[in-house]
Amino acid sequence: MLTDTFGRRFYYLRLSITDVCNFRCQYCLPDGYQCDHDRKFLTLPEIKLFAQTFAKLGTEKIRITGGEPSLRKDLPDIIDTCKQTDGIKKVAITTNGFKLPEHLPSWLEAGLDALNVSIDSLDTNQFKLITGHNKLNTILDGLDTAFAEENLTVKINTVLMRQFNFGELERFLAWIKSRPVSLRFIELMQTGDNATFFGEQHVRGETIKEYLLKTGWLPAIKDKTAGPAQEFYHPDYVGKIGLIMPYSKDFCQSCNRLRISSLGKLHLCLFAEQGHDLRPLLAENDADAIADRITALLGDKKVSHFLHEKLTGATKHLSMLGG
Ligand code: SAM
Ligand code: SF4
């Protein structure tokens, strides 16, 4: 099992397969995707080698992310490849869900276990204002199908922003009253590109937590291997809440994930100073050498991110790495 110098264990890989995205989320790519490199994203054989190598190092879960992962036509093959890897128990994707009804059947057939869909507003106009696309109803239709799948875990990611959707907090809660879904409120993070937006729109995760506790939500007991999300449940609600509060004290103590960028770089933290290029080793097809390099690099993982000091590392926006 991959373990760092602070005793944290890493059984979870977040694998970005593209940095291209078709949405223009205000906090991420407000001007749309701009390409600043030749688009040589990880190929299926490279992804297979990464999955096998990480699995040998104890990784049990792979989340496929982006950019928008569903823009890759071979996404079902990527899901299948990860799922067929010995040792990988769970394959998840994070998506904006822009064609969810059309895509979901092939993802399920490929063996998808968990689906996170990002929805920042339940109001069609506001959704369009935030993302640049009028896709809310399509995504909600796809979600209804997803909820009916017994073996699929469904989560919604929502970034609350002071002026865009904070006023919808109660609407979101009402929406999960009868739906079997975990709604994750992700605290807006500052990245290299969004400092002004962050200053205007950031809502403290603690503010949301205080509201939940005041309105009868109860903190769930955390599993030892659980990641940084704080979970809440309510006796009157079918759905659950997960709060992801990167600015909270000790957030990084429960870090259980490593990241690979779509260009094959290992990022020890979402806000690391740099990624470590593993592609030359991939080209040699040497799984042992890749495993040794990952293990050695893990020794450099820092105890925490430095977001409080407004140090965002190499991360200009989360589309670069997948969140
Ligand atoms: N395109 C896919 C999507 O939006 O679900 C996957 C990639 S996206 C970078 C992954 C997650 O990161 C999304 O849920 C998105 O809302 C979140 N995200 C992006 N930028 C963020 C920021 N600055 N602060 C907090 N969350 C952010
Ligand atoms: Fe695209 Fe996801 Fe970023 Fe929105 S959050 S612009 S959907 S990568």
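When reading the values below, keep in mind they use all heavy atoms of this one structure, side chains included, and skip hydrogens, waters and symmetry mates. We count ligands from 1, going down the list as the structure has it; atoms in each ligand are counted the same way.
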If you count the atoms of ligand 1 from 1 in the order shown, which ones are under 4.0 Å from a heavy atom of Glu68?
1 (N), 2 (C)
Please could you name the atoms of ligand 1 that Gly322 approaches to less than 4.0 Å, counting only its heavy atoms?
9 (C), 10 (C)
Judged by non-hydrogen atoms, does Cys25 sit under 4.0 Å from ligand 1?
no
Could you list which atoms of ligand 1 come closer than 4.0 Å to a heavy atom of Thr94?
2 (C), 5 (O), 6 (C), 10 (C)
Heavy atom of the protein closest to atom 27 (C) of ligand 1 (residue, atom name, distance):
Leu318 CD1, 3.5 Å
If the threshold is 4.0 Å, N to carboxylate O, is there a salt bridge linking Lys61 and Asp113?
no
Hey, what's the ring geometry for Phe185 with Phe172, parallel, tilted or perpendicular (30° and 60° as the breaks)?
perpendicular
Enumerate the atoms of ligand 2 whose separation from the nearest heavy atom of Asn96 is less than 4.0 angstrom.
7 (S)
If we number the atoms of ligand 2 from 1 as shown, the ones under 4.0 Å from a heavy atom of Ser319 are 8 (S)
Can you tell me which residue and heavy atom of the protein come closest to atom 6 (C) of ligand 1, and the distance to 0.1 Å?
Gly67 O, 3.3 Å
Taking only non-hydrogen atoms of Asn96 and a 4.0 Å limit, the atoms of ligand 1 in range are 2 (C), 3 (C), 5 (O)
If you count the atoms of ligand 2 from 1 in the order shown, which ones are under 4.0 Å from a heavy atom of Cys28?
3 (Fe), 5 (S), 6 (S)
Could you tell me, atom by atom, which parts of ligand 1 come under 4.0 Å of a heavy atom of Tyr27?
15 (C), 16 (O), 18 (N), 19 (C), 20 (N), 21 (C), 22 (C), 23 (N), 27 (C)
Indicate whether the side chain of His37 and that of Asp19 have a donor and an acceptor atom separated by less than 3.5 Å.
yes
Ring-plane angle category for Trp217 and Tyr237, please: parallel below 30°, perpendicular beyond 60°, tilted otherwise.
tilted
Can you tell me how the ring of Phe198 sits relative to the ring of Tyr247, calling it parallel under 30°, perpendicular over 60° and tilted otherwise?
tilted
Stepwise side chain to side chain contact (heavy atoms under 4.5 Å, CB included) test for Lys177 and Asp236:
CA-CA 7 Å; Lys177 193 152 193 182; Asp236 300 338; 4.3 Å; yes
May I ask you to list the atoms of ligand 1 that are less than 4.0 angstrom from any heavy atom of Asn157?
14 (O)
For residues Leu268 and Asp4, determine if any side-chain heavy atom of one lies less than 4.5 Å from a side-chain heavy atom of the other.
no
Ligand 1-proximal atoms of Thr95, by part, heavy-atom distance under 4.0 Å:
backbone
Does the plane of the ring in His305 sit parallel, tilted or perpendicular to the ring in Phe271? Use 30° and 60° as the thresholds.
perpendicular
How far is atom 4 (O) of ligand 1 from its nearest protein heavy atom, and which residue and atom is that?
Ser118 OG, 3.4 Å
Indicate, as side chain, backbone, both or neither, the part of Glu187 found under 4.0 angstrom from ligand 1 when only non-hydrogen atoms are considered.
backbone
Verify side chain to side chain contact (heavy atoms under 4.5 Å, CB included) between Ile93 and Leu75, making sure each step is shown before the conclusion.
CA-CA 10 Å; Ile93 67 169; Leu75 178 57; 4.3 Å; yes
Can you tell me which residue and heavy atom of the protein come closest to atom 24 (N) of ligand 1, and the distance to 0.1 Å?
Met189 N, 2.9 Å
Nearest heavy-atom approach of Glu46 to Phe41 is OE1-O, 4.2 Å
Sorted by chain and number, sequence neighbours left out, side-chain hydrogen bond (donor to acceptor under 3.5 Å, both in side chains) with Lys128 holds for none
Around atom 1 (Fe) of ligand 2, find the nearest protein heavy atom and jot down its residue, atom name and distance.
Cys21 SG, 2.2 Å
Side chain, backbone, both or neither: which part of Val159 has a heavy atom under 4.0 Å from ligand 1?
side chain
List ligand 1 atoms under 4.0 Å from Asn194, heavy atoms only on the residue side.
23 (N)
Which is it for Arg72 and Asp74 under the salt bridge (Lys or Arg N to Asp or Glu O under 4.0 Å) test, yes or no, and what are the steps along the way?
CA-CA 5 Å; Arg72 269 187 70 157; Asp74 58 353; 3.0 Å; yes
Honestly, for Ile186 the part within reach of ligand 1 (heavy atoms, under 4.0 Å) is side chain
Mind checking the CD1-OG spacing from Ile64 to Ser16? Nearest 0.5 Å is all I need.
10.5 Å
Which of the atoms of ligand 2 are close to Cys25, meaning less than 4.0 Å from one of its heavy atoms?
4 (Fe), 5 (S), 6 (S), 7 (S)
With atoms numbered from 1 as shown, which atoms in ligand 1 lie under 4.0 angstrom from a non-hydrogen atom of Thr65?
6 (C), 7 (C)
